[in-house]
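This report refers to the structure that appears directly beneath it.
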Amino acid sequence: MRRRLGQHFLFDPSILERIVNAAHLKPEDIVVEIGPGKGRLTRMLAERAAKVIAIEYDPILCEELLKEFSRVLRIEIHCQDVLKYPFHELPPFKVVANIPYYITTPIIFKLLHHDVPLISATLTVQKEVAERIIALPGRKDYGVLSLMVQYYTEPEIVFNIPRKAFVPPPKVDSSVIHLRRREHPPVSVANEQMLFKVIKTAFSKRRKTLANSLKPLRRDIKELLVSCGIDPVRRPETLSMDEFAKIANLLSKQRRDKDGKMSEP
Ligand code: SAM
């Protein structure tokens, strides 16, 4: 057992069944499983989908999986680090996985990349991370992860799993979350990168006022916030996605206007 690789296995068939149900699979679906481990969930997924692509990093587990599923055509085992897997080369797919917690955020951000044809992700994650993902403005756990995930998907917590359900038990409780990719973002922005930059800059100094934390973006940020109708003494965790979008749009517009003027003859 390699705790370093976040190896906590689920064997309880009723919990595995609830995870599979939460994914709303159709017989024609392509499913990616990250970290199949001992292959219990993998087998159940293959009964409900057209194909399962299972990515396992541990070479010993991987060898066992290759042996166990060598005759199951619907299951493809890939022995590699999920963070290096070329998801953008796949046709549209759903992810169902009890993921290794030490790389939860990098996995989620990789799946949300705009080149990746993700339909939905049903993930077992740390309960505290699940709460951060669904958090709304005003909550202590509202931040970059909440805004990024909610920009790309509609997240929901489906059910919780107590730590004792895993072998060996981790130090934290878990939740199964379902992320459904949005067809259209919930706010309209001229430049997504600017939106993410504003959000990250604001939360890099969470306890400071916006006038203070956003200063690296513009010297006259105070005036810009006032012109968006946002009080500059507010803290980032009180702002809705819509308000972050307003700031980003004004910053992009002023940058465009400035570039336009500079290029005039
Ligand atoms: N799916 C199994 C289950 O539910 O019993 C195992 C889940 S366990 C929490 C996480 C799995 O991810 C382990 O099998 C571990 O070896 C694998 N893993 C860890 N790091 C990985 C990585 N970078 N890429 C792919 N798999 C990884």
Side-chain angles (χ1 to χ4, degrees), residues 1-23 25 29-49 51-69 72 74-90 93-113 116 118 120-130 133 157-179:
M1 200 83 69
R2 298 182 188 209
R3 282 182 196 250
R4 191 175 56 79
L5 286 182
Q7 292 183 351
H8 301 281
F9 301 106
L10 275 174
F11 295 105
D12 183 335
S14 66
I15 295 180
L16 294 172
E17 179 81 23
R18 286 180 79 190
I19 295 176
V20 178
N21 288 342
L25 296 178
D29 280 337
I30 295 176
V31 174
V32 172
E33 188 191 0
I34 298 162
K38 306 269 183 193
R40 297 292 201 286
L41 182 61
T42 323
R43 191 174 285 282
M44 290 174 79
L45 292 170
E47 285 164 9
R48 305 263 194 107
K51 185 174 175 180
V52 179
I53 298 169
I55 309 161
E56 175 56 60
Y57 197 24
D58 183 332
I60 299 172
L61 285 178
C62 214
E63 208 170 301
E64 287 167 12
L65 290 162
L66 284 168
K67 260 192 235 149
E68 184 172 349
F69 296 124
V72 187
R74 283 164 186 249
I75 301 178
E76 236 178 56
I77 306 289
H78 294 252
C79 301
Q80 71 168 98
D81 179 359
V82 65
L83 298 180
K84 303 216 169 96
Y85 187 82
F87 285 108
H88 60 279
E89 290 175 6
L90 292 179
F93 64 93
K94 294 178 178 171
V95 171
V96 185
N98 170 17
I99 57 175
Y101 294 171
Y102 74 104
I103 44 172
T104 301
T105 313
I107 290 175
I108 292 178
F109 285 167
K110 192 171 164 74
L111 293 174
L112 295 182
H113 193 275
V116 171
L118 176 79
S120 67
T122 307
L123 306 173
T124 306
V125 298
Q126 224 174 297
K127 189 163 176 256
E128 177 235 312
V129 174
I133 287 175
I157 295 182
V158 190
F159 65 97
N160 297 325
I161 309 182
R163 60 193 81 182
K164 64 178 184 343
F166 295 83
V167 183
K171 291 199 177 79
V172 292
D173 290 324
S174 299
S175 297
V176 174
I177 53 165
H178 183 72
L179 311 178

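Reckoned from all heavy atoms, side chains included, excluding hydrogens, waters and symmetry mates. Each ligand, and each atom within it, is numbered from 1 in the order the structure gives.
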Taking only heavy atoms of [X] into account, list the atoms of ligand 1 that are under 4.0 Å away from them.
| X | value |
| --- | --- |
| His8 | 7 (C), 8 (S), 9 (C) |
| Gln80 | 24 (N), 25 (C) |
| Ile55 | 25 (C), 26 (N) |
| Glu33 | 1 (N) |
| Gly37 | 6 (C), 14 (O) |

Using modelled atom types and a 3.5 Å cut-off, is there a donor and acceptor pairing between side-chain atoms of [X] and backbone atoms of [Y]?
| X | Y | answer |
| --- | --- | --- |
| Glu33 | Ala97 | no |
| Lys110 | Val116 | no |
| Asp173 | Arg163 | yes |
| Asp29 | Val31 | no |
| Arg74 | Ala49 | yes |
| His8 | Pro168 | yes |

[atom]: the protein heavy-atom neighbour that sits closest, reported with distance to 0.1 Å:
| atom | answer |
| --- | --- |
| atom 4 (O) of ligand 1 | Asn98 ND2, 2.7 Å |
| atom 5 (O) of ligand 1 | Leu10 N, 2.8 Å |
| atom 19 (C) of ligand 1 | Leu5 O, 3.1 Å |
| atom 18 (N) of ligand 1 | Pro100 CG, 3.7 Å |
| atom 24 (N) of ligand 1 | Val82 N, 2.9 Å |

Taking a cutoff of less than 4.0 Å between a non-hydrogen atom of the residue and any ligand atom, is [X] in contact with ligand 1?
| X | value |
| --- | --- |
| Leu41 | no |
| Ile34 | no |
| Asp81 | yes |

Between ligand 1 and Gly6, is the shortest N or O to N or O distance under 3.5 Å?
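Checking ligand 1 against Gly6, no N or O pair falls under 3.5 Å apart.
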Does ligand 1 come near enough to Ile99 that some N or O of the ligand is less than 3.5 Å from an N or O of the residue?
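No - when backbone and side-chain N and O of Ile99 are compared with those of ligand 1, no distance drops under 3.5 Å.
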Side chain, backbone, both or neither: which applies to Pro36 and ligand 1 if a contact is any heavy-atom pair less than 4.0 Å apart?
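Backbone only; the side chain of Pro36 stays clear of ligand 1.
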Between Thr124 and ligand 1, find which residue part has any heavy-atom pair under 4.0 Å and reply side chain, backbone, both or neither.
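Looking at Thr124 and ligand 1, no heavy atom falls under 4.0 Å.
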Rounded distance [0.5 Å steps], NE2 in His78 versus CG in Leu65
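Answer rounded to 0.5 Å: 12.0 Å.
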Can you tell me how far the SG atom of Cys62 sits from the CD1 atom of Ile55, to the nearest 0.5 Å?
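Between Cys62 SG and Ile55 CD1, I get 10.5 Å after rounding to 0.5 Å.
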Shortest non-hydrogen contact from Ile177 toward Val158:
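Reported closest heavy-atom pair: C-CG2, 4.3 Å.
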Nearest heavy atom to [atom] wins, so pick from [options].
| atom | options | answer |
| --- | --- | --- |
| atom 14 (O) of ligand 1 | Arg40, Gln7, Glu56 | Glu56 |
| atom 20 (N) of ligand 1 | Tyr57, Tyr102, Phe166 | Tyr102 |
| atom 12 (O) of ligand 1 | Cys62, Ser174, Gly35, Pro106 | Gly35 |

Heavy-atom check, side chain of Ile19 versus side chain of Phe159, under 4.5 Å
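Counting from C-beta outward, Ile19 and Phe159 do come under 4.5 Å.
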Got a sec: does the OH of Tyr57 have more than 12 other heavy atoms crowding it under 6.0 Å?
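No.
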Residue that, paired with Val96, satisfies side chain to side chain contact (heavy atoms under 4.5 Å, CB included) out of Leu45, Thr124, Leu123:
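Only one option passes, and that is Leu45.
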